[in-house]
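What follows is a single structure, written as structure tokens, with notes after it.
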Amino acid sequence: MAFKRNIDRLPIIPADATKHNVTCHYCIVGCGYNAYTWPVNKQGGTAPNENALGVDLSKQQPANSEAWYSPSMYNVVKQNGKDVHLVVKPDKECSVNSGLGSVRGARMAENRRSDKTGTQQQRLEEPMIWRYGTWQPTSWDDALDLVARVTARVIDKDNEDDLFVSMFDHGGSAGGYENTWGTGKLYFESMKVKHCRIHNRPAYNSEVHSTRDMGVGELNYAYEDYTMTDTIFLVGTNPLECQTNLFLNHMVPGMRNGAKVIIVDPRRTVTANACEVEAGKDNVLHLAIKTGTDVALFNTLFTYIADQGWVDKEFIANSTFQGDVAQPLDEAHPAALGSFEFALQECRTSLADGAAICGVSEADIVKAAEWIAKPKDDGSRRKCVTAYEKGIIWGNDNYRAIGTLVNIGLATGNIGREGGGVCRLGGHQEGYMRPSDAHVGRPAPYIDQLLIAGKGKVHHVWANDHYKTTLNATAFKREYNRRTNMVKDAMDARAGATREELVDAIVGAINAGGLFSVNVDIIHSQIGQAAHVILPAVESGEMNLTSMNGERRMRLVEKYMDGPGSAQPDCMIAAGMAQHLERVIREQGRSEYADQFKGYDWKSEEDAFMDGYHANTGKIVTYERLRAMGNNGVQEPVVDFQDGKLVGVKRLYADGKFDRHGREDKKALFCAGQWRGLQAAGKAAQRDNYAFLINNGRANIIWQNWFLDKGNDFVSDRFPLPFIEINPEDMAELNLKQGDLVEVYNDVGATQALVYPTPTARRKETFMVFGAPNGAQGNIVNAGVNELILPNYKHTWANIRKISDATPSTSRLSYKSQEYVAS
Amino acid sequence: MKRCDKLVEVGRRQFLRGGLATAAALPMVGLMAKDAKAATNGALLDYPSGKLANVNDLKLNEPMEVSYPDEDAPGVLLKLGKAVEGGVGPDGDIVGFTTVCPHKGFPLSYNAESRTMNCPGHYSVFDCEAGGQQTWGQATQNLPQYRLRVDDKGDIYAEGVDELLYGRLSNVL
């Protein structure tokens, strides 16, 4: 049976329930919600004065009602040690979502840990140490002492290169300004750790180097720009599934206002279908290019637009670099940067060449150019907003792909103006506040490859699950298991030893090639299975947390419940780690080095916020001021506090001055990014030797690497295994039926998936959902990266073989088209 | 086909749209408000048991409008021609669902070709042959399905719903 909760009534929120500001902690859109809590022995009534919704709940409520919440928006949780009812429901007053809830955000309450309703029992509650052949619960002091003693043995004032760190840099979830500051202060201020990486890529680098080098910060518009534009240009992005309420609440109104849509994606997504439903097929152009040919397409568009004279000459003259080359191509810059004329000369691509490379018609490229840039019949400027995401960020030739796309926005004057913007759409919210990372270098070290090669002795892992999400994951897991098992064996051999003897045994193992792994997370992750110390963290709602969304809208999520057990905010865990390191290093007589670990006497996450964000951004934003701004918050940068309100900036670069690159002339640069085929090592050979493209990415119902969703019955009922979309004719050739289990394998590894028949999939081009706990797509992604160590997950080719017929759990699922059809 | 912006205004009284031209002509079969019993102090909610139709009223793959557990809760009966989850009747192929989307309360329409209930509000699709499983969409529930019983005369009775209905915090108001 399809999963049904058999819940046919819910407690009513009483009129005196406590209402908290909440921003959804899943995707970057950051929808506004409110959390209502009230004592477990109380309930509201149906009369308007008896409930917090102020309406007569004995009546059926109409569509779009604020006075309804689903069972997934309800739970019973702990607050200050007492059981309380919890409802987390969308906020109609929030301009981001206007009361809409997504299939992810509307399950926030259900995805809280509850010892009453039994949800999310997988959450970690106590620190654990590998002892007696498994993990044993212990105290924070005991766990942090062991972490500090082992870590202190491999670091010194002048050399911290044996400490490897994987740390998230995002907002939302358990990220946010407080927590990135806590880890950032520890590893980039107290220490200068250069062997570090971020949660979704194997190095410590930007996902969007080129746009920043060109002077254009990647989140430069306001969401309202979609409602006041002529054309929405979507590149390598599937916003209906990945930024749902940005699509529903801003892009759809834009289409209803008459905007046309251009979609660049080798795959037909539900976004393409919904755009056709809303704008009409004649107003949607899907450029289903050959995968990875984006640079050739953008250069063809750029050339055609320039040759037609559809550029904004005044903007180019006043706001962009005049001359030739401003930044030559070098090891840190995979393309030269310079003037419009220089870039045009380097990028020049004819319609015929562009069409041939991209596999689309010249007429469609011309149509796209017209929709982007052709002046209207009355001579007025056409407005175009450009949005891109992982299709090119995790695609072919990241630097040049993003750079040549931004070229088009700059040439047409579509940055910093209403109805414009060239922006990434984003994954998590943002929430980055750290000391300089300049010591890491550029290109940054390729951490995964170093770990595979036996480098590093101690590894601190902060809410990263490389086993599910990294590239080249088959090799990574094999080596990581081997190296961490060496340490486990050494610890097992010294059961009953003193702390000093145990540390000596661990250090002996790591000097022999082993790796000591410390895992900070909210659940016992897959890479956490290799850990020797596990430290439980809290996430958004279990602490006060600040982040910003995809239009730089900053909000404070108020703590509305207790974290599980003795779990702590990451910033406080980092502080504890620093304090234990200071103590241990001082004991060892390295007092000068120990002094570097001072400055963590925070009592709460608010202290970390004041030490980090507040102190480093003009000392304007405080919790109190942000709380007063509610779920609409303020758009960063925050420039003032007037009349009791924080004052922000609606869109960046409205003055035509570009500063993201740090150039004093504040002129934007164009990117001379020529097309050069599949750039990353081994990609072309894989394409030539394996039958199927294994395109990959997210799906609507699943948040990121399924870390909470794998414990959510609604989700695991829909997809007990990761799906792979295959064209029915390809299925017939492979003798496959819907729901069958297949192995997907190539030269670097193998993984598994269930077959989802997809008639809209092109022959030999599949799509697999990424990050699954029981079929990691990363197992078959090769190690190929660009010059700046940006991974190319999207370009993976493999063969497919049947493992088995559909199982009882996969045979009963719906395998129908996911596209809405109006009857 | 563009969706109708006015649909959101439909609110309380929602209709199956256009699945088949004949659908609108079928008689409206529902329960009078007096049939609905108030909740008692039992641990479970007491649903009214009401006759919705007779098996002979149903035609293959043609939706029949009903309402349950009261007239403010529109729904549909379907005869799918093959045994399915929750199916009753001689062939185990008769099912009933709410037609109010459990995401934001928009009226669903039946697509006879795919045998799905589709939502014009935010494009959600529910599979009537898979227990109302959301094939794709924004709802955090699968489609509430009726618990049906067929008596010796072929009369079809609803005796409960397996998920919370949109727009009410108790399925029985």
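These numbers were taken from a predicted model, which means no experiment stands behind them. Numbered from 1 within each chain, the chains take letters A, B, ... in sequence-line order.
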Under 4.5 Å from any heavy atom of chain B - which part of [X]:
{"X": "A/E110", "answer": "neither"}
{"X": "A/T244", "answer": "side chain"}
{"X": "A/F3", "answer": "both"}
{"X": "A/F247", "answer": "side chain"}
{"X": "A/V715", "answer": "neither"}

Got a sec, which residues hit ring pair (Phe, Tyr, Trp, His ring centres under 6.0 Å) with A/F719, two or more places apart in sequence or on another chain?
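Residues passing ring pair (Phe, Tyr, Trp, His ring centres under 6.0 Å) with A/F719: A/F723.
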Considering residues at least two apart in sequence or located in another chain, which fulfil the ring pair (Phe, Tyr, Trp, His ring centres under 6.0 Å) criterion with A/H85?
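Partners of A/H85 by the ring pair (Phe, Tyr, Trp, His ring centres under 6.0 Å) criterion, ordered by chain and then number, come out as A/W38, A/Y74.
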Interatomic spacing from [atom1] in [X] to [atom2] in [Y] - rounded to 0.5 Å:
{"X": "B/Q145", "Y": "A/K4", "atom1": "CD", "atom2": "NZ", "answer": "4.5 Å"}
{"X": "A/R107", "Y": "B/Q141", "atom1": "CZ", "atom2": "CD", "answer": "12.0 Å"}
{"X": "A/S70", "Y": "B/L169", "atom1": "OG", "atom2": "CG", "answer": "10.0 Å"}
{"X": "A/L240", "Y": "B/H122", "atom1": "CG", "atom2": "NE2", "answer": "10.0 Å"}
{"X": "A/S65", "Y": "B/Y166", "atom1": "OG", "atom2": "OH", "answer": "5.0 Å"}
{"X": "A/M108", "Y": "B/T140", "atom1": "CE", "atom2": "OG1", "answer": "11.0 Å"}

Could you tell me whether A/K116 atom NZ has more than 12 heavy atoms of other residues or ligands within 6.0 Å of it?
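Yes - once you tally the heavy atoms of other residues, nucleotides and ligands closer than 6.0 Å, there are more than 12.
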NZ (A/K42) with more than 12 external heavy atoms under 6.0 Å:
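Atom NZ in A/K42 is not packed in, count stays at 12 or less.
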Can you name the closest pair of heavy atoms from [X] and [Y] and give their distance?
{"X": "A/W68", "Y": "B/L165", "result": "NE1-O, 3.2 Å"}
{"X": "B/E163", "Y": "A/R5", "result": "OE2-N, 2.9 Å"}
{"X": "A/A2", "Y": "B/Q133", "result": "CB-CB, 4.0 Å"}

Testing B/N111, B/V125, B/D127 for side chain to side chain contact (heavy atoms under 4.5 Å, CB included) with A/K816, which one passes?
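Single pass found, and it is B/D127.
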Flag the one option from [options] with the top tally of heavy-atom pairs under 4.5 Å to chain B.
{"options": "A/N700, A/L10, A/I7", "value": "A/N700"}
{"options": "A/G105, A/A699, A/G101", "value": "A/G101"}
{"options": "A/I12, A/T46, A/L100", "value": "A/L100"}

Does any backbone or side-chain atom of B/C119 lie under 4.5 Å from a heavy atom of chain A? Answer side chain, backbone, both or neither.
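The backbone, not the side chain.
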Can you tell me if B/Q138 uses its side chain to pair, donor with acceptor, with the backbone of A/V103 under 3.5 Å?
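Looks like yes, one N/O pair under 3.5 Å.
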Short question: side chain of B/N118, backbone of A/V821 - any donor-acceptor pair under 3.5 Å?
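The answer is yes, because a donor-acceptor pair under 3.5 Å joins these two groups.
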Summary of salt bridge (Lys or Arg N to Asp or Glu O under 4.0 Å) pairs that have at least one residue in residues 102-121 of chain B, sequence neighbours excluded
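Salt bridge (Lys or Arg N to Asp or Glu O under 4.0 Å) check on residues 102-121 of chain B returns B/R115-B/E129.
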Applying a heavy-atom distance below 4.5 Å, give me the residues of residues 149-162 of chain B that approach chain A, sorted by number.
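Counting heavy atoms that sit under 4.5 Å from chain A, the residues of residues 149-162 of chain B involved are B/D162.
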Quick one: do B/W136 and A/I701 satisfy side chain to side chain contact (heavy atoms under 4.5 Å, CB included)? Show the steps, please.
CA-CA 8 Å; B/W136 187 92; A/I701 196 173; over 6 Å; no
Does the side chain of B/N142 come within less than 4.5 Å of A/D717's, by heavy atoms?
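Yes; the side chains approach each other to less than 4.5 Å.
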Is any side-chain heavy atom of A/R718 less than 4.5 Å from a side-chain heavy atom of B/T135?
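A side-chain contact under 4.5 Å exists here.
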Check whether the side chains of A/N273 and B/Y123 place a donor and an acceptor atom closer than 3.5 Å, and report yes or no.
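Looking only at side-chain atoms, B/Y123 and A/N273 do not form any donor-acceptor pair under 3.5 Å.
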